[in-house]
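Residue numbers run from 1 in the order of the sequence given. Keep in mind that the numbers below use all heavy atoms, side chains included, and drop hydrogens, waters and symmetry copies.
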Amino acid sequence: MNFSDEMKQMLLRVAAGETEPEEWEKWWNSNKAKLEEALTRGDRGRMMPALWCADYYWMAKTQRGVAYYFHAQGRPVKTSGYYEEKAKEEEIRNRQKAMEAYHRDTAFARQIWEEYLERHPAESVTFDWKSLLGTPPGQKPAIAFGYKNARTTEQWKECKDELKLRLKENLQAKITPVAKAYGMKKAGLKTFVREKNGLVSRIQFIGYFRGGGYEAIICYLCPIYAIEYGILGLPGHICQGENFQRMCKDWGVIQYGTEAVDAVMVECINRKFDDILTFLADGLLPEWQRINSLDIYFAKERRDYLKAAEKGPNDPRTGRPMWNLAAEGKPDPWRADDYLFGVWELLNGKETEGYMRLEECVRHNSDYMENRLKEYPEACNDPRDAMAVMYRNAQLFARTKEIAGAEKRKNAVRETYEEVCRFMRYYHGLAKKTERNG
């Protein structure tokens with residue numbers, strides 16, 4: 001058998017999924033010189049990319065290169081799904097191994113945090129959220145549309161209205177019950193909030209700016225006086241892990257109102273809300289429930305654990321971290337953490353550290369705020385302008401430094417705290433519109 005026939009037989013075996021990665025690599029390396037003569041540079045690159053290694057992920061790419069080669073010659077071949085399936089299994093195993101290593105690496109910090117929580121137990125919530133998965137009870141039958149993509153104004157309106165109905169059905173059947181189980185109340189059609197022991201938790205679905213569905217979901221837990229940016233969050237495997245990534249995948253099915261919301265689309269919407277429910281109920285809400293006071297929120301044990309868990313293990317496929325919440329040593333651009341910790345230190349009598357942080361927050365944002373307030377004088381009282389609200393709050397706390405007498409300053413800080421929290425309850429959606437001076 002000449003090499004041309006041998007190569008053809010090997011390529012057909014690859015197309016049929018009958019060659020293992022190690023066998024392919026060995027054959028290719030043994031015949032490099034002959035392959036350079038028999039194949040074009042493009043074909044060689046498609047069959048054996050520069051970063052190729054002996055696993056099924058890269059073998060699937062080789063198979064696609066082989067299929068392209070035969071198709072270009074006018075002899076298309078049918079390919080097996082063997083490599084794709086094995087690649088999926090391989091990726092799952094590798095990701096599991098990477099996550100196991102991550103949990104081993106963070107075990108020490110997590111153990112200290114768990115021991116701290118045992119000394120400060122919170123009320124647990126028992127709720128069968130899995131019973132909410134699937135088709136919402138009483139869901140209306142899907143409409144049979146006569147088109148796939150909306151083209152006319154009437155079709156756009158029909159698609160948008162149907163999408164909103166399906167979102168409402170799922171929101172009421174899945175998200176509302178689990179939010180209520182954790183003590184959250186509605187603050188609008190698609191927002192849930194809770195206040196407890198100086199902390200506020202909020203879940204909000206953001207409407208797509210062109211109408212239709214939801215552009216994103218915002219979830220945060222922070223002190224009432226704070227804003228949702230630059231704050232202490234959750235461990236990376238909860239806020240950015242598998243459940244989060246699954247929730248974000250194919251988010252467009254609940255975002256755009258441009259396709260016919262037929263039976264297939266309704267099922268996709270139901271499944272996407274299952275992903276959202278799982279993200280909330282199988283990680284985020286239970287973790288929030290354990291943080292039931294400002295002392296726990298700011299506990300060193302918690303901060304150390306968050307620090308240890310902010311960077312995920314490397315993705316086996318890309319080599320990049322699965323998530324990376326680290327600021328890489330850089331301060332947050334708004335200095336929101338300076339405001340957050342500055343107020344907390346003042347409340348605990350640490351004036352030197354507290355005022356230093358607050359003054360840094362005010363100084364850093366002063367130029368921006370000067371121009372912003374010229375354009376919009378009421379920005380500091382507008383919940384839509386988080387930076388302006390934070391700046392005014394930081395100003396109010398920083399000004400108490402000018403008060404003579406330690407006891408008077410302490411009282412002024414407490415009064416400022418109460419005044420700021422009164423306004424921030426409106427900001428977070430816990431209370432109706434609240435006015436404040438300047």
S.K.: Taking the basic N atoms (NZ, or NE/NH1/NH2) and the acidic carboxylate oxygens, is any pair closer than 4.0 Å for K307 and D304?
M.R.: no
S.K.: Which distance, rounded to the nearest 0.5 Å, do you find between the CG of L232 and the CD1 of I291?
M.R.: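 Reported to 0.5 Å precision, the distance equals 9.0 Å.
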S.K.: Look only at the side chain of N348 and the backbone of K350, and say whether a donor-acceptor pair between them is shorter than 3.5 Å.
M.R.: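 A pair under 3.5 Å: no.
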S.K.: Other residues, nucleotides and ligands only: do more than 12 of their heavy atoms fall within 6.0 Å of OH on Y368?
M.R.: yes
S.K.: Would you confirm whether H120, through its side chain, and N292, through its main-chain N or O, come within 3.5 Å as a donor-acceptor pair?
M.R.: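 Such a contact is absent between H120 side chain and N292 backbone.
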S.K.: For residues N270 and G134, report the shortest heavy-atom separation together with the two atoms involved.
M.R.: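 That closest heavy-atom pairing would be CB-O, 4.1 Å.
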S.K.: Test side-chain contact (heavy atoms from CB on, under 4.5 Å) on R392 and R436 and set out the steps.
M.R.: CA-CA 11 Å; R392 179 50 47 85; R436 66 174 175 181; 3.7 Å; yes
S.K.: Looking at side-chain heavy atoms only, is the closest gap between Q245 and K249 below 4.5 Å?
M.R.: no
S.K.: Between CD1 of I224 and CZ of R425, what distance do you get to the nearest 0.5 Å?
M.R.: 4.5 Å
S.K.: Taking the six-membered ring for Trp, is the centroid-to-centroid distance between Y229 and W334 below 6.0 Å?
M.R.: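 For Y229 and W334, the ring centres are under 6.0 Å apart.
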S.K.: Side-chain contact test, heavy atoms from C-beta onward, threshold under 4.5 Å: evaluate it for E359 versus K401 and give yes or no.
M.R.: yes
S.K.: Please evaluate residues R93 and Q96 with respect to the criterion side-chain hydrogen bond (donor to acceptor under 3.5 Å, both in side chains), reporting the C-alpha separation (whole Å), side-chain torsions for both, the decisive distance (0.1 Å), and the verdict.
M.R.: CA-CA 5 Å; R93 287 195 303 271; Q96 287 176 341; over 6 Å; no
S.K.: Are E415 and K408 ion-paired here, with the side-chain N under 4.0 Å from a carboxylate O?
M.R.: no
S.K.: Taking the six-membered ring where the residue is Trp, are the ring centres of Y102 and W323 under 6.0 Å apart?
M.R.: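 Distance test on ring centres: under 6.0 Å, yes.
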S.K.: Is NZ or CZ of R302 both nearer than 6.0 Å to the six-membered ring centre of Y297 and within 45° of the ring axis?
M.R.: yes
S.K.: What distance separates T152 OG1 from Y147 OH, expressed to the nearest 0.5 Å?
M.R.: 7.0 Å
S.K.: Going by distance alone, is a donor N or O of one side chain under 3.5 Å from an acceptor N or O of the other, for Y56 and E20?
M.R.: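 The criterion, which ignores hydrogens and geometry beyond distance, is satisfied for E20 and Y56.
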S.K.: Parallel, tilted or perpendicular, judged at 30° and 60°: which one describes the rings of Y426 and F423?
M.R.: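 Rings of Y426 and F423: perpendicular, over 60°.
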S.K.: Restricting to non-hydrogen atoms, name the atom on C361 and the atom on M390 that form the minimum distance, rounded to 0.1 Å.
M.R.: SG-CE, 3.8 Å
S.K.: Are E351 and R409 close enough for a salt bridge, meaning some N to O gap below 4.0 Å?
M.R.: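 Yes, charged N to carboxylate O under 4.0 Å.
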S.K.: Could you check if a side-chain atom of E22 sits within less than 4.5 angstrom of a side-chain atom of K26, using non-hydrogen atoms only?
M.R.: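 Heavy-atom side-chain distance check fails, nothing below 4.5 Å.
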S.K.: With a 3.5 Å cut-off and no angle check, do the side chains of R414 and N411 form a donor-acceptor pair?
M.R.: no
S.K.: Taking C-beta and beyond as the side chain, do R357 and E360 meet within less than 4.5 Å on heavy atoms?
M.R.: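 R357 does not reach E360 side chain to side chain.
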S.K.: Does the side-chain hydrogen bond (donor to acceptor under 3.5 Å, both in side chains) test come out yes or no for D385 and Y376, once each step is laid out?
M.R.: CA-CA 10 Å; D385 198 330; Y376 181 34; over 6 Å; no
S.K.: Can you tell me if Y68 has over 12 outside heavy atoms packed within less than 6.0 Å of its OH?
M.R.: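 Result for OH/Y68: open.
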S.K.: Nearest heavy-atom pair of L221 and S201: which atoms, and what distance?
M.R.: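 Between these two residues, the closest heavy atoms are CD1-CB, 3.9 Å.
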S.K.: Would you mind checking if K86 and D55 are paired as a salt bridge, meaning a charged N to carboxylate O distance below 4.0 Å?
M.R.: no
S.K.: Side chains of P136 and F273: does their closest heavy-atom pair fall under 4.5 Å?
M.R.: no
S.K.: Return yes when atom CD of E123 has more than 12 non-hydrogen atoms of other residues, nucleotides or ligands closer than 6.0 Å, and no otherwise.
M.R.: no
S.K.: Kindly give the heavy-atom pair with the smallest separation between E25 and W52, and that separation in Å.
M.R.: CB-CZ3, 3.7 Å
S.K.: Assess whether a salt bridge exists between R372 and E375, defined as any Lys/Arg side-chain N lying under 4.0 Å from an Asp/Glu carboxylate O.
M.R.: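 The answer is yes: the pair qualifies as a salt bridge.
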S.K.: If we ignore hydrogens and angles and just use 3.5 Å, is the side chain of W251 paired with the main-chain N or O of E215 as donor and acceptor?
M.R.: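 Yes; judged by distance alone, with no hydrogens or angles, the pair exists.
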S.K.: Between D382 and R384, does at least one N-O distance fall below 4.0 Å, as a salt bridge requires?
M.R.: yes
S.K.: Got a donor-acceptor contact below 3.5 angstrom from the R194 side chain to the Y182 backbone?
M.R.: yes
S.K.: Could you state the interatomic distance from OH (Y427) to CG (N381), rounded to the nearest 0.5 Å?
M.R.: 12.5 Å
S.K.: What are the two closest non-hydrogen atoms of A308 and T106, and how far apart are they?
M.R.: O-CG2, 3.4 Å
S.K.: If you count heavy atoms of other groups shown closer than 6.0 angstrom to NZ of K300, is the number above 12?
M.R.: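 No - once you tally the heavy atoms of other residues, nucleotides and ligands closer than 6.0 Å, there are 12 at most.
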S.K.: Please round to the nearest 0.5 Å and tell me the distance separating atom CG of L277 and atom CD1 of I175.
M.R.: 5.5 Å
S.K.: When you compare the side chain of P313 with that of K97, does any pair of heavy atoms fall below 4.5 Å?
M.R.: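 No, their side chains stay 4.5 Å or more apart.
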S.K.: Closer than 4.0 angstrom, basic N to acidic O: yes or no for D275 and K272?
M.R.: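 Looking at K272 together with D275, the answer is yes, because their closest N to O distance falls below 4.0 Å.
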S.K.: Would you call the rings of F397 and Y417 parallel, tilted or perpendicular, taking 30° and 60° as the class edges?
M.R.: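 Ring orientation of F397 relative to Y417: tilted.
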S.K.: Run N170 and I276 through side-chain contact (heavy atoms from CB on, under 4.5 Å) and show every step you take.
M.R.: CA-CA 10 Å; N170 276 276; I276 296 171; over 6 Å; no
S.K.: Less than 4.0 Å between a side-chain N and a carboxylate O, is that true for E169 and R166?
M.R.: yes
S.K.: At their closest point, which heavy atom of A98 faces which heavy atom of N314, and how far apart are they?
M.R.: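 A98 and N314 have their closest heavy atoms at CB-O, 4.0 Å.
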S.K.: For the atom pair CG (L358) and CG (L346), what is the distance rounded to the nearest 0.5 Å?
M.R.: 5.5 Å
S.K.: State, yes or no, whether a side-chain contact exists between F145 and E158 at a heavy-atom distance under 4.5 Å.
M.R.: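 Touching, per the 4.5 Å side-chain cut-off.
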S.K.: Taking P333's backbone N and O only, do any of them form a donor-acceptor pair with H364's side chain (distance below 3.5 Å, no angle check)?
M.R.: yes
S.K.: Just so I know, are the side chains of C239 and F244 near enough to count as touching, which here means a heavy-atom distance under 4.5 Å?
M.R.: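 C239 vs F244: side chains apart.
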S.K.: May I ask you to check whether Y339 and Y391 place their ring centres under 6.0 Å from each other?
M.R.: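 Ring centres of Y339 and Y391 not closer than 6.0 Å.
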